[in-house]
J.: 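For reference, the structure I am asking about is given below.
So you know, we letter chains A, B, ... as the sequences are listed, proteins then strands, and number each from 1. All values reported here derive from a predicted model rather than from experimental measurement.
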Protein chains: 2
Amino acid sequence: MSQTSSQQDRVASDSVGVVTPQYAEFDRPFTMENGAILPSFRLMYETYGELNPDRSNAVLICHALSGHHHAAGYHDLDDRRSLGWWDNCIGPGKPIDTNDFYVVALNNIGGCHGSTGPTSNNPKINEPYGADFPQVTVGDWVNSQARFADYLGIDSFAAVIGGSLGGMQAMQWAIDYPERVRNALLIACAPNLSAQNIAFNEIARQAILKDRNFNEGRYLAAASKPMDGLGTARMLGHVTYLSADGMDLKFGGDTNSNETADYYDVVGEVTSYLQYNGQKFAGMFDANTYLLMTHALDKFDPARSFDNDLVAALKNATARFLVISFSTDWRFAPERSREIVDALISAGCDVSYADVESLSGHDSFLLEIPRYHRILTSYMKQIAEGLGA
Amino acid sequence: MSQTSSQQDRVASDSVGVVTPQYAEFDRPFTMENGAILPSFRLMYETYGELNPDRSNAVLICHALSGHHHAAGYHDLDDRRSLGWWDNCIGPGKPIDTNDFYVVALNNIGGCHGSTGPTSNNPKINEPYGADFPQVTVGDWVNSQARFADYLGIDSFAAVIGGSLGGMQAMQWAIDYPERVRNALLIACAPNLSAQNIAFNEIARQAILKDRNFNEGRYLAAASKPMDGLGTARMLGHVTYLSADGMDLKFGGDTNSNETADYYDVVGEVTSYLQYNGQKFAGMFDANTYLLMTHALDKFDPARSFDNDLVAALKNATARFLVISFSTDWRFAPERSREIVDALISAGCDVSYADVESLSGHDSFLLEIPRYHRILTSYMKQIAEGLGA
């Protein structure tokens, strides 16, 4: 973390302030679940707070589909858009309190924010990997994160935390490395994808694959990006992150109210909102990464290696669990979280569960919802108290 | 209807048998709600059953987004795929009983199944209208259907019936032509679109507009079709017609069951099912029609002309109403049907309402669901008994 005191004066007292991303290089080959081998890889990461002397207060933040290593603070105080994606939750005095914890956030392999992925150089051909980057899985991410923990000298995390696809990584951590995870926080996630989830992902992928500029995934070499397809994919994802009622509220489409906007305005607002977000995302994100991430989502199913028995899968886990769902999340609905909770109970695990009322659908996990943040705060504070013992 | 007795022997006794589409030409100019004028237009239609002597037993079937005039029977007995889209509901002894009623089904203007629409010749330029076909509204459809009723010599329909966008036409009929509709059956519809509905439509339109072969809507002249975009649009529509639980059941994705298919099979099955349906639809349908139909859906809101007061809009209606929703329909959810029911009650209208349990989502309105068909049968039988009085 690099910051000057004059810069730090310009941020709120509960902000981690200005942060500088770092990277770690791993020179030993990394074998992926599908047998592919990365000869070496790099992980971009950021840390917030200080590692305590017995190295017991590390917390790992796992990111979701479009996330990355920049979870908190600013890269540039003059650019307020450079705020980390989970800044409302990470900082001194915030739910994941950097006065208590050494918080580590990274960009996963296959990503497009500096960690080795489709936009990285493929040493075999001295060109970007593009569509040739091997298909990653949640298990691969967890294995690479374990190598990363070794690199940081962290034997065991006080907590592994994630929302959505990030929660799936936290679950996989608890199953694959039980001795290295003391708490797993699974927020707005599911034990696997529903056919509907898969269908939406597939439609998003089709939009990318059929884009005139996709060029079989070798668009970087052709210096053109499949912006339209990636934009459509994002628009579709975005709608599934929101709730129907939340959208009506946001766009004034509730015609039961006399204070409603003109209906044509709703059509126009929805359209321009989606297009703006789709294009913004398409400009920042890599299409091959989008394909990899959604395939990893589709294939996540920790029960599969245990005869489709999630209870059996979770019997390995020794972590304590906090599971949180949101009432209007229809992408990973509360019922899916309760499947996890039921399996954890059957597996004899220690689990707390909360379903949080919210109109914001799946997006809720990123928002500063009072009850949600109170629950996170209490849970993390308990962990912190245990550290002192 | 043209059929030979040898052909008729080959169909079930409750089938209307082999039917031949007809068309009606309207030479007087037709002024649309947006001020555009069609100098003339053609409507394709089919009829099933016989008009009674006092011309009181006519029933109008209004179609949904991808529907058309071929609602019942076969075009060709040697091609069983030529079955009408609502054949399970229309025929001798079926819920809409052709022994009782003279059933009329048509293809709406703006459609692509023979009625005047984007693929028709624009007399001004002697080329297909393409993207220049004026934006139709539900009100335009109802006005053109009223002209069509005049043509058939039908003063008043015993019932106007539709599902989804078809139900919206039935509602508009009851408001705009109260003296010509004795019963309106509104199935799986809504008083207007939610912001989420509009968002899905917009994403589908974007997929079409961005297709490399869309060519600003002049693809017919270029002899290429935006198949990819139309396919993506259909895939997306299709997912919103199904329920999440119904999809899990269909694709064996319920991993709580030990009898589940391998999970990778689910991904593959969902993918190939969607792609097959998307491509099949793209081969049969016209992209400009898809754009027109979804815009008409987005803009439907009969309350708008009445200060956003649906009750005021419905006070004109004198018809009896039957409203039917389906428990897992999240495109036009039961709550949306109940908004209509509540408004009808407040407006002093006679309304019956049923919410039918079904796992098949919005698609339910097309399916032979026992309770649904029993309700339709009873309701239509009551109307038929009234005809005899």
J.: Give, for atom CD1 of A/Ile203 and atom OG1 of B/Thr271, the distance between the pair rounded to the nearest 0.5 Å.
T.: 10.0 Å
J.: Please enumerate all residues that pass side-chain contact (heavy atoms from CB on, under 4.5 Å) together with B/Ala296, with sequence neighbours excluded.
T.: B/Gln135, B/Trp141
J.: Does anything in residues 228-237 of chain B reach chain A? List residues with heavy atoms under 4.5 Å apart, or say none.
T.: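 Under the 4.5 Å heavy-atom cut-off, B/Asp228, B/Thr232, B/Met235, B/Leu236 qualify.
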J.: Decide yes or no for B/Gln196 and A/Phe251: does some side-chain heavy atom of the first lie under 4.5 Å from some side-chain heavy atom of the second?
T.: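 Side chain of B/Gln196 against side chain of A/Phe251, heavy atoms only: no contact under 4.5 Å found.
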J.: Output yes when a side-chain donor or acceptor of B/Arg212 lies under 3.5 Å from a complementary backbone atom of A/Lys210, and no otherwise.
T.: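 Side chain of B/Arg212 to backbone of A/Lys210: a pair is present.
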J.: Please determine whether the number of non-hydrogen atoms from other residues, nucleotides or ligands lying under 6.0 Å from atom CD of A/Glu33 exceeds 12.
T.: yes
J.: Output yes when a side-chain donor or acceptor of A/Asp248 lies under 3.5 Å from a complementary backbone atom of B/Ser194, and no otherwise.
T.: no
J.: Any pair with a residue in residues 190-201 of chain B that passes salt bridge (charged side-chain N to carboxylate O under 4.0 Å, His left out), sequence neighbours left out, goes on the list, sorted by first then second residue, please.
T.: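 Every pair satisfying salt bridge (charged side-chain N to carboxylate O under 4.0 Å, His left out) with a residue in residues 190-201 of chain B: there are none.
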J.: Would you mind checking which part of B/Asp211 comes under 4.5 Å of any heavy atom in chain A, side chain (CB onward), backbone (N, CA, C, O), both or neither?
T.: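 Backbone only.
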J.: Hey, could you give me the OG1/CZ distance between B/Thr240 and A/Phe200, rounded to the nearest 0.5 Å?
T.: 7.0 Å
J.: For B/Glu202, check side chain to side chain donor-acceptor pair (under 3.5 Å) against everything at least two apart and list the hits.
T.: A/Gln275, B/Arg205, B/Gln206
J.: Please find the pair of heavy atoms, one from B/Val239 and one from A/Ala199, that lie closest to each other, and give the distance.
T.: CG2-CB, 3.6 Å
